[in-house]
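Numbering of residues begins at 1 and proceeds along the displayed sequence.
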Amino acid sequence: TPILQPLYGGAAARPFKTHHNALEMTLYMRIANELYLKRLIVGGYDGVYEFSKDFRNEGMDRFHNPEFTQVELYVAYKDYQWMMDFVEEMIERVAVEVTGSTLVQVGEHIISFKRPWKRFTMFEAIEHFTGIDISAMDEQQLFKTARELRVHVDATMGKGKLIDEIFGEKCEPYLIQPTFITDYPVEMSPLAKKHRSKDGLVERFEAICNGKEIMNSFSELNDPIDQRHRFEAQLELGKRGDEEAMQLDEDFLRALEYGMPPTAGIGIGIDRLSMIMTNQHAIQDVLLFPHMRPEG
């Protein structure tokens with residue numbers, strides 16, 4: 001799928017921007033390949049995957065490099081429950097192939113990739129680690145709660161971003177053993193299908209391991225009307241100053257109007273998985289040529 005894209009999408013991230021001289025148009029280096037792989041599902045592929053270099057114009061730390069490798073996988077007529085079972089089996093096998101065991105030494109921790117992995121809903125995890133049930137809170141209440149928890153938030157953040165900041169600071173660092181966090185609020189997940197039985201939530205999971213997300217998955221949203229409304233909500237967040245808000249992609253919406261079957265999709269961070277499997281402290285230690293500040 002194309003690395004240079006007229007519209008970036010498929011994730012909440014800031015892009016690198018460039019210019020095509022012959023066409024006299026602005027292009028962006030992809031932040032994800034999701035929207036193009038889903039076009040292939042629309043086009044008739046039952047399943048498709050791609051190992052890709054993606055690019056995000058954001059901060060650098062031991063978990064983030066401006067360019068990184070991930071695999072994205074989409075399978076028609078499956079859902080996020082199927083995908084959880086699939087990745088448990090796959091990552092357990094990866095651990096055995098790479099290290100010879102389902103037990104992997106990572107820093108001071110022994111991490112077990114043996115199935116089954118623990119599962120929390122997003123709201124269950126926040127209540128477990130903070131003692132606060134935020135499931136019925138509106139934006140103002142979430143903002144107040146985040147401040148009381150001493151989580152850094154600002155006025156550009158909508159409901160989804162506030163929940164994400166609370167989870168990221170108060171829960172994620174303490175999830176050492178591989179854990180599925182499921183059933184996210186709809187505001188956090190513009191590309192995920194609404195939950196089949198829980199209002200206000202979507203069918204999404206992230207796998208957290210060693211205190212950091214290593215993969216993100218949904219039952220994919222395939223309703224073009226709902227998807228348009230989600231994109232429009234993202235545009236409003238962008239007007240408030242959210243630099244990670246998604247753009248409205250008419251070409252992708254047209255593809256959904258042709259018809260995409262129910263689909264499960266996932267993105268797995270290869271660099272972060274490599275860090276865990278090889279007991280490395282920083283993403284720079286698993287990249288041959290990491291981006292660094294110039295000498296002097």
Side-chain angles (χ1 to χ4, degrees), residues 8 10-16 31-32 54-66 68 107 120-176 179-192 200-202 204-216 230 233-247 267 269 271-272 275 281-284 291-293:
Y8 60 92
R14 291 175 58 188
F16 287 94
I31 59 174
D54 292 330
F55 308 86
R56 298 183 184 178
N57 195 0
E58 299 172 340
M60 292 172 57
D61 57 34
R62 71 186 187 92
F63 292 108
H64 295 88
N65 194 65
F68 62 98
F120 272 129
T121 69
M122 167 68 77
F123 290 141
E124 285 172 350
I126 291 173
E127 187 170 4
H128 176 80
F129 287 103
T130 69
I132 301 172
D133 180 3
I134 68 166
S135 60
M137 291 185 181
D138 61 22
E139 188 173 310
Q140 287 186 330
Q141 292 170 318
L142 284 167
F143 191 87
K144 181 173 180 288
T145 299
R147 285 287 178 85
E148 289 171 352
L149 291 170
R150 299 186 178 181
V151 174
H152 176 72
V153 292
D154 60 54
T156 69
M157 295 180 181
K159 187 175 178 181
K161 196 73 177 282
L162 292 168
I163 294 169
D164 195 28
E165 292 296 315
I166 293 170
F167 174 79
E169 192 160 322
K170 297 299 178 181
C171 307
E172 193 173 48
Y174 306 104
L175 294 168
I176 303 302
T179 304
F180 289 123
I181 302 297
T182 69
D183 300 349
Y184 283 56
V186 66
E187 295 85 357
M188 294 179 67
S189 311
L191 299 168
L201 302 181
V202 295
R204 173 185 177 186
F205 74 81
E206 287 186 334
I208 315 293
C209 181
N210 199 37
K212 209 67 183 173
E213 175 230 332
I214 57 172
M215 62 188 75
N216 184 27
R230 306 272 194 100
Q234 288 288 300
L235 291 180
E236 291 303 311
L237 290 174
K239 291 175 184 176
R240 288 172 54 176
D242 186 347
E243 294 181 321
E244 294 185 348
M246 293 186 188
Q247 296 181 305
D271 308 306
R272 288 186 185 176
M275 287 169 61
H281 178 72
I283 195 170
Q284 290 79 13
H291 288 278
M292 308 291 283
R293 290 189 187 278

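Here the shortest heavy-atom pairing between M157 and H152 reads CE-O, 4.1 Å. The two residues A146 and V153 have their closest heavy-atom pair at CB-CG1, 3.7 Å. Residues Q141 and A136 come closest through the heavy atom pair OE1-O, 4.0 Å. Heavy atoms only, all atoms of each residue included: A155 and F143 are closest at N-CE1, 4.3 Å. Scanning both residues, G238 and A245, for their nearest heavy atoms gives N-CB, 3.7 Å. Taking each heavy atom of G168 and P173 in turn, the nearest pair found is O-CD, 3.3 Å.
Taken to the nearest 0.5 Å, the CG atom of L162 stands 11.5 Å off from the CE atom of M137. I126 CD1 to I134 CD1: the interatomic distance, rounded to the nearest 0.5 Å, is 3.5 Å. How far CG of D183 is from CZ of F123: 9.5 Å, rounded to the nearest 0.5 Å. Atom CG of D242 is separated from atom CG of L235 by 11.5 Å, given to the nearest 0.5 angstrom. To the nearest 0.5 angstrom, M122 atom CE is 13.5 Å from F205 atom CZ. For the atom pair CG of N57 and CD of E244, the computed distance is 11.0 Å after rounding to the nearest 0.5 Å.
Between I132 and T145, the closest side-chain pair of non-hydrogen atoms falls below 4.5 Å. Side-chain atoms of D54 and I31, non-hydrogen and from C-beta on, never get closer than 4.5 Å to each other. By the 4.5 Å heavy-atom criterion applied to side chains, L191 and M246 are counted as neighbours.
Across H291, E58, R56, R272, a single residue satisfies side chain to side chain donor-acceptor pair (under 3.5 Å) together with H64, and that is R272.
Every residue was checked against the ring-ring contact (aromatic ring centres under 6.0 Å, His included) condition with F167, not counting sequence neighbours, and none meets it. Scored by the salt bridge (Lys or Arg N to Asp or Glu O under 4.0 Å) test, E243 finds R14 as partners (sequence neighbours excluded). Partners of F120 under the ring-ring contact (aromatic ring centres under 6.0 Å, His included) rule, at least two apart in sequence or in another chain, are H128. A search for side-chain contact (heavy atoms from CB on, under 4.5 Å) contacts involving K170 returns T130, L149, V151, not counting sequence neighbours. The salt bridge (Lys or Arg N to Asp or Glu O under 4.0 Å) test applied to E172 returns no partner, not counting sequence neighbours. Contacts of R230 classified as salt bridge (Lys or Arg N to Asp or Glu O under 4.0 Å), with partners at least two apart in sequence or in another chain: D226. Residues satisfying the side-chain contact (heavy atoms from CB on, under 4.5 Å) test with A233, not counting sequence neighbours, are none. Residues satisfying the ring-ring contact (aromatic ring centres under 6.0 Å, His included) criterion with Y8, sequence neighbours excluded, are Y28. Here D164 pairs with nothing under the salt bridge (Lys or Arg N to Asp or Glu O under 4.0 Å) rule; sequence neighbours left out. Every residue two or more places apart in sequence or in another chain that forms a side-chain hydrogen bond (donor to acceptor under 3.5 Å, both in side chains) with D154 is listed here: T156.
Formation of a donor-acceptor pair under 3.5 Å by the Q284 side chain with backbone atoms of D61 is found in this model.
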Could you walk me through whether L175 and I181 satisfy the side-chain contact (heavy atoms from CB on, under 4.5 Å) test, starting with their C-alpha distance in whole Å, then the side-chain angles of each, then the deciding distance to 0.1 Å, before giving a yes or no? CA-CA 10 Å; L175 294 168; I181 302 297; 3.9 Å; yes
Chi angles and distances behind the side-chain contact (heavy atoms from CB on, under 4.5 Å) call for M275, F63: CA-CA 9 Å; M275 287 169 61; F63 292 108; 4.0 Å; yes
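Applying the salt bridge (Lys or Arg N to Asp or Glu O under 4.0 Å) test to residues at least two apart or on different chains, the pairs with a partner in residues 205-214 are R204-E206. Every pair passing salt bridge (Lys or Arg N to Asp or Glu O under 4.0 Å) that includes a residue from residues 132-147 is listed here, sequence neighbours excluded: E139-R240, K144-E148.
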